[in-house]
Amino acid sequence: MITVRDIYKSFGKVKAVRGVSFDAPDGKITGLLGPNGAGKSTTLRILYTVLKPDRGSANIDGHDVATNSLGAREKIGALPHGAGLYPHLTARENIAYFARLCGLDKAEIDDRVDKIVKLLDIAEFAERRTKGFSQGQRTKVALARALVHDPQNIILDEPTNGLDVMATRSLRS
């Protein structure tokens, strides 16, 4: 479960997040809605431990994102806006690299990568370097990277950006 209580975040004079609170229970989809500039992405960056809140608290399965960021990171898969793939690695290599970063046993990485490649239907381009991928292909690989360690919670920032209708349906399933 993700719990956010009264978090604030400012960047100089810009008050990006002001008093956000919510619960995201296990097994449910929770969405953050609001206009551009409302603080949605900043809130998500706090949850996946890239930023620390100025005040308030956020917990992922009981791990405080500010004081126990490693514990919180073990419990999440994150798909940030602007996927950030390594362009000189293949899709498969990008996914395997993040599996290693998440602490997966070397012996199980290939099997996990194979399963996620099949699940997300990316076998056609899994052996290609990601430089030059379409937006949809980049998003699928970044999603695979977020899911490879089978996290309890998944944080997605604009996950359907650049996906076609069929890929969007597959993601929702």
Side-chain angles (χ1 to χ4, degrees), residues 1-4 23-32 41 43-51 58-173:
M1 177 167 189
I2 296 173
T3 306
V4 175
D23 292 327
D26 292 343
K28 303 284 182 188
I29 295 173
T30 303
L32 297 180
S41 291
T43 299
L44 295 180
R45 285 183 186 115
I46 289 169
L47 288 176
Y48 52 77
T49 74
V50 172
L51 298 173
N59 289 275
I60 299 175
D61 293 338
H63 300 278
D64 186 282
V65 300
T67 61
N68 186 7
S69 61
L70 287 177
R73 280 188 218 138
E74 288 176 356
K75 301 294 183 178
I76 59 170
L79 175 66
H81 184 67
L85 300 177
Y86 292 101
H88 296 292
L89 297 179
T90 66
R92 181 178 298 280
E93 289 168 339
N94 267 280
I95 299 163
Y97 177 66
F98 277 83
R100 285 192 300 277
L101 288 178
C102 290
L104 286 182
D105 211 34
K106 216 174 187 177
E108 69 181 312
I109 289 175
D110 287 340
D111 184 51
R112 288 280 190 99
V113 172
D114 288 341
K115 285 179 181 174
I116 202 77
V117 163
K118 185 177 179 183
L119 175 71
L120 294 176
D121 194 27
I122 61 177
E124 181 182 320
F125 53 87
E127 306 307 327
R128 284 183 26 219
R129 291 180 186 206
T130 59
K131 183 177 183 176
F133 272 18
S134 70
Q135 177 65 37
Q137 290 170 326
R138 283 194 306 271
T139 300
K140 282 184 174 184
V141 174
L143 181 59
R145 186 183 70 191
L147 297 174
V148 70
H149 67 294
D150 196 25
Q152 178 68 26
N153 304 280
I154 304 166
I155 299 172
L156 309 171
D157 192 356
E158 299 187 33
T160 59
N161 185 27
L163 295 182
D164 59 38
V165 173
M166 297 308 294
T168 299
R169 284 183 184 161
S170 177
L171 170 64
R172 289 182 177 148
S173 295

Discussion item. Show, in sequence, the C-alpha distance, side-chain angles and deciding distance for Arg112 and Asp150, and conclude whether the side-chain contact (heavy atoms from CB on, under 4.5 Å) test is met.
Written reply: CA-CA 9 Å; Arg112 288 280 190 99; Asp150 196 25; 3.9 Å; yes

Discussion item. On a heavy-atom basis, which atom in His149 and which in Arg145 lie closest, and how many Å separate them?
Written reply: ND1-O, 4.5 Å

Worksheet item: When you measure from the side chain of Asn59 to the backbone N and O of Asp64, does any donor-acceptor pair fall under 3.5 Å?
Response: yes

Worksheet item: Is Phe133 atom CZ crowded by more than 12 heavy atoms from other residues, nucleotides or ligands, each under 6.0 Å away?
Response: yes

Worksheet item: Under the salt bridge (charged side-chain N to carboxylate O under 4.0 Å, His left out) criterion, do Lys118 and Asp114 qualify, and how do the steps go?
Response: CA-CA 6 Å; Lys118 185 177 179 183; Asp114 288 341; over 6 Å; no

Response to the item:
When Leu101, Val117, Ile95 are each screened for side chain to side chain contact (heavy atoms under 4.5 Å, CB included) with Val148, the one that passes is Ile95

Discussion item. Let me confirm one number: the OG1-NZ distance from Thr90 to Lys131, rounded to the nearest 0.5 Å.
Written reply: 15.5 Å

Worksheet, complete the sentence: On a heavy-atom basis, the closest approach of Leu47 and Val65 is O-CG1, 3.6 Å

Fill in: Interatomic spacing from CG in Asn153 to OH in Tyr48 - rounded to 0.5 Å
14.5 Å

Fill in: Distance in Å, Asp23 CG paired with Lys28 NZ, rounded so as to fall on 0.5 Å steps
13.0 Å

Worksheet, complete the sentence: So CG of Leu143 and CG of Leu119: to nearest 0.5 Å the spacing works out to 8.5 Å

Item to complete: Give the minimum heavy-atom separation between Ala146 and Leu79, together with the two atoms involved.
Response: CB-N, 4.3 Å

Worksheet item: Applying the side chain to side chain donor-acceptor pair (under 3.5 Å) test to Asn68, which of Glu74, His63, Arg73 qualifies?
Response: His63

Worksheet item: Under the criterion side chain to side chain contact (heavy atoms under 4.5 Å, CB included), which of Asp26, Thr30, Asp61, Ile60 is the partner of Ile2?
Response: Ile60

Item to complete: Would you name the heavy atoms of Val141 and Phe125 that are closest together and state the gap between them?
Response: CG2-CE1, 3.9 Å

Response to the item:
Heavy-atom closest pair (Ala72 atom, Thr49 atom, distance to 0.1 Å) is CB-CG2, 4.2 Å

Worksheet, complete the sentence: For Ile122 and Ala144 the tightest heavy-atom approach is CD1-CB, 4.2 Å

Fill in: Nearest-0.5 Å distance that lies between atom CD1 in Ile76 and atom SG in Cys102
9.0 Å

Worksheet item: What's the spacing between Ile109 CD1 and Lys106 NZ if we round to 0.5 Å?
Response: 8.0 Å

